[in-house]
Amino acid sequence: MEILIEGFLRKNINFLFISFEESFLIIFIAIIIFGPKKIPHIARGLGEGIRYFREAKNKITEEMMNIRDHNFHQMKKKEKYFNENEKNKKKSLYSSIKRHE
């Protein structure tokens with residue numbers, strides 16, 4: 001059972017490219033420096049900061065997608081307009097040719 005828990009901890013903490021021992025050392029030093037009472041406040045502040053940056057990133061991404069979609073639709077409208085104008089020009093050209101024959 002302990003091997004499973006240790007393996008689980010190693011897999012989850014290793015995503016920061018640091019080992020379990022290194023992360024334990026960092027947590028231990030943080031407790032010594034800040035004290036056990038301030039650690040939850042610091043963690044909460046970090047969580048709020050990460051959430052803020054994630055929301056900002058999502059807003060920027062959404063705005064860029066909206067601009068891209070708007071530009072795409074504008075381009076399609078212009079393409080449709082030019083295609084219709086070409087068809088009308090061809091029709092008028094053919095009709096003028098038929099009249100002259």
Residues passing the side chain to side chain donor-acceptor pair (under 3.5 Å) test with Arg44, sequence neighbours excluded, are His41

Acceptor/donor pairs from residues 55-75 side chains to any protein atom, 3.5 angstrom cut, sequence neighbours excluded:
from, atom 1, to, atom 2, distance (Å)
Asn58, ND2, Arg54, O, 3.4
Thr61, OG1, Lys57, O, 2.8
Asn66, ND2, Glu62, O, 3.4
Asn71, ND2, Ile67, O, 3.4

Connected to Phe34, directly or through other members, by ILVMFWY side-chain contacts below 4.5 Å are Leu25, Ile27, Ile29, Ile31, Ile33, Ile39, Ile42, Leu46

